[in-house]
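Just below is one structure, and these are the notes that go with it.
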2 protein chains.
Amino acid sequence: MMPQQQLSCRTFDAPAVMPGCSTCPLSSLELCVEGRRNRESESHAQNVGQNTGFALARRVFSRQEEVRDLVPVICSGWAAAYVNLPNGNRQILSFILPGEFLSASLIFSGAQYVWVEAVSDVHYRTFDRTDFMREIAGRPQSFALIAEVWIKEKRRADRLIVDLGRRTAEERIASLLIDLVDRLRARDLVSPDGSVEFPLRQHHIADATGLTSVHVSKVLSEFRRRGLFELSERVLTIKDAAALRRSAGEPHSR
Amino acid sequence: MMPQQQLSCRTFDAPAVMPGCSTCPLSSLELCVEGRRNRESESHAQNVGQNTGFALARRVFSRQEEVRDLVPVICSGWAAAYVNLPNGNRQILSFILPGEFLSASLIFSGAQYVWVEAVSDVHYRTFDRTDFMREIAGRPQSFALIAEVWIKEKRRADRLIVDLGRRTAEERIASLLIDLVDRLRARDLVSPDGSVEFPLRQHHIADATGLTSVHVSKVLSEFRRRGLFELSERVLTIKDAAALRRSAGEPHSR
DNA sequence: CGCTTAATTGAAATGGTTCAATGCCTGTGG
DNA sequence: CCACAGGCATTGAACCATTTCAATTAAGCG
């Protein structure tokens, strides 16, 4: 228990409760030592080996050998899961926000085919897979929660397939922004005036939407010109949500 | 138990053992009344409500209300899971071959956002979700098998994302053909001379690869001209597997 | 046998890429 | 405090992979 591999970079004294905790499955399952909702309640956290980690922005922080036996969850910051192509291109499969598993597949298997890069500085937490499995196997309602997480991830992947296969650059970019803002809102990370910390570079958006960063720049400029949002200094402020949603095309099975 | 909803179309006297049985998870879990490997062995099949169904080619055969409580598995024939877009386009998310769940998500939830169409005539089988869950929840090794199915499905979705986001028409089409043939080979559906029943129309390939059927026609002609395969009369014969694999680009995380 | 669906082919149009040049900002080192 | 390098964003022009449009033939199907 408590396998203390250091995933990468330096350690860090992380504050106990992090932005991701409010929506983190590990927290609601009372399996996280730090993020427990109710510190008085009976907790299973001490039965699950766990550890914290930290990665600087732009660093790759999940490697084959490191996730072999560990299930990582993001506590704060953004990450991106991607694959590299022989020609030097890459495709981002998903952005990972605070309170999310690096990948739901890693809950059940250490086999990994994606790279994960920290977009901003990232605090994460790793759980011993065997311990974790044992804890949820016993409790059906825990299992239902994990199934839900998994289904959501699959649904998001399917939505991306539709975007990449059948929708224009404008629609893809608008969808991505809407999806991210919606998820951030669920985590209470949108401030009352509608602005959000938005660490993505244009090349991230390009890699996620299957476009070039040159074209992303052009589309974003056009969106700004139309007054849909403001985006500068790593802060995004939606100005005309309805128009943005229109640009994303009809909601195709949200 | 045994909820006897008729999913659609007419009933049919299906032969007990079908092409999909050899690789069907329900069969290896001994949960299928018909497809059991070992008829003498102790089986849990009578604990799980189940029924057969049949759908004619080109029919939609999975609707919201119908999968609410049922987990469908294809026994013979091909199906396609897709979503419709407001502009009349559609995107096929996956082809479903004999021995596969309609969608792994349906194992855990009846909420559905895709349509499923029979590509060729399809025999399928439905299992009561509650019964099914109860049976696998108790047995960890069953659960591992289901997790594996789920991970495979997700991995295939991720591969499609990469194809649609970053690869050319040729690469997408070649990848699709290779993937299908590989899966068919695993089911022993490739005859010794290398030919397979291949019920897809060009518009299926187009809808799956995010292209137009016009362009699919051009690429397929070019492939044929180069002698990579023959394809006519719903039969595909790979002639130059190595060259086809080259056209698909490097294997990006198979 | 006629009617609809599927496949083929060519020509024109286009959404997005590629290439290239410029400016900006940030961090770094002298 | 300035010079310089590297990453990031912007803009315009040329290019190209794929779409769109259109016309023709071939293939199922009742």
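Reminder, nothing fancy here: chain letters follow the sequence lines and each chain counts from 1.
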Base, sugar-phosphate, or nothing: which does B:Arg172 touch, judged by heavy atoms less than 4.0 Å apart?
nothing

Modelled atom types, side-chain donor and acceptor of B:Gln202 and B:His215, under 3.5 Å
no

Nearest-Å distance, CZ (B:Arg166) to P (C:dT17)?
8 Å

Derivation of the salt bridge (charged side-chain N to carboxylate O under 4.0 Å, His left out) call for A:Asp158 and A:Arg155
CA-CA 5 Å; A:Asp158 284 344; A:Arg155 182 181 287 232; over 6 Å; no

Return the residues of residues 212-221 of chain A meeting this criterion: a heavy atom under 4.0 Å from some atom of DNA chain C. Order them by number, or give none.
A:Thr212, A:Val214, A:His215, A:Lys218

Hey, are A:Arg226 and A:Glu222 close enough for a salt bridge, meaning a charged N less than 4.0 Å from a carboxylate O?
yes

What pair of heavy atoms forms the shortest contact from B:Leu231 to B:Leu220, and how long is it?
CD2-CD1, 4.3 Å

Taken to the nearest whole Å, CZ/B:Arg234 to P/C:dT5 is 15 Å

Given A:Tyr124, which of A:Phe101, A:Phe54, A:Phe61 fulfils the ring-ring contact (aromatic ring centres under 6.0 Å, His included) condition?
A:Phe61

Rounded to whole Å, the CZ-P distance (B:Arg167 to D:dT18) equals 12 Å

Hey, are A:Glu171 and A:Arg166 close enough for a salt bridge, meaning a charged N less than 4.0 Å from a carboxylate O?
no

State whether A:Tyr82 and A:Arg90 meet the cation-pi test: NZ (Lys) or CZ (Arg) under 6.0 Å from the six-membered ring centroid, and within 45° of the perpendicular axis.
yes

Roughly, in whole Å, what's the span from CG in B:Leu231 to C1' in C:dA6?
13 Å

Starting at CG of A:Asn87 and ending at C1' of C:dT18, how long is that distance when rounded to a whole Å?
14 Å

Write down the distance between CG (A:Leu164) and P (D:dT18), rounded to a whole number of angstrom.
15 Å

Result of checking B:Leu164, B:Val216, B:Val219 against B:Leu211 for side-chain contact (heavy atoms from CB on, under 4.5 Å):
B:Val216

Within residues 194-208 of chain A, the residues having a heavy atom closer than 4.0 Å to DNA chain D are A:Arg201, A:Gln202, A:His203

Roughly how bent is the helix from C:dC1-D:dG30 to C:dG30-D:dC1 end to end, in steps of 10 degrees, with each end axis from five pairs?
40°

Ignoring hydrogens and angles, state whether a donor on the side chain of B:Ser62 or B:Gln112 is under 3.5 Å from an acceptor on the partner side chain.
yes

In this structure, how many angstroms lie between the P atom of D:dA17 and the CD atom of B:Glu170, rounded?
10 Å

What is the distance, to the nearest angstrom, from the CD atom on B:Glu117 to the C1' atom on C:dT5?
13 Å

What do the steps show when you test B:Arg245 against B:Asp182 for salt bridge (charged side-chain N to carboxylate O under 4.0 Å, His left out), and what is the final call?
CA-CA 12 Å; B:Arg245 242 165 248 280; B:Asp182 283 351; 3.5 Å; yes

With salt bridge (charged side-chain N to carboxylate O under 4.0 Å, His left out) as the criterion, how do B:Lys152 and B:Glu100 come out once you've worked through the C-alpha distance, each side chain's angles and the decisive distance to 0.1 Å?
CA-CA 11 Å; B:Lys152 265 194 195 140; B:Glu100 294 179 346; over 6 Å; no

Check this one for me: any side-chain N or O of A:Arg224 less than 4.0 Å away from OP1 or OP2 of D:dA9?
no

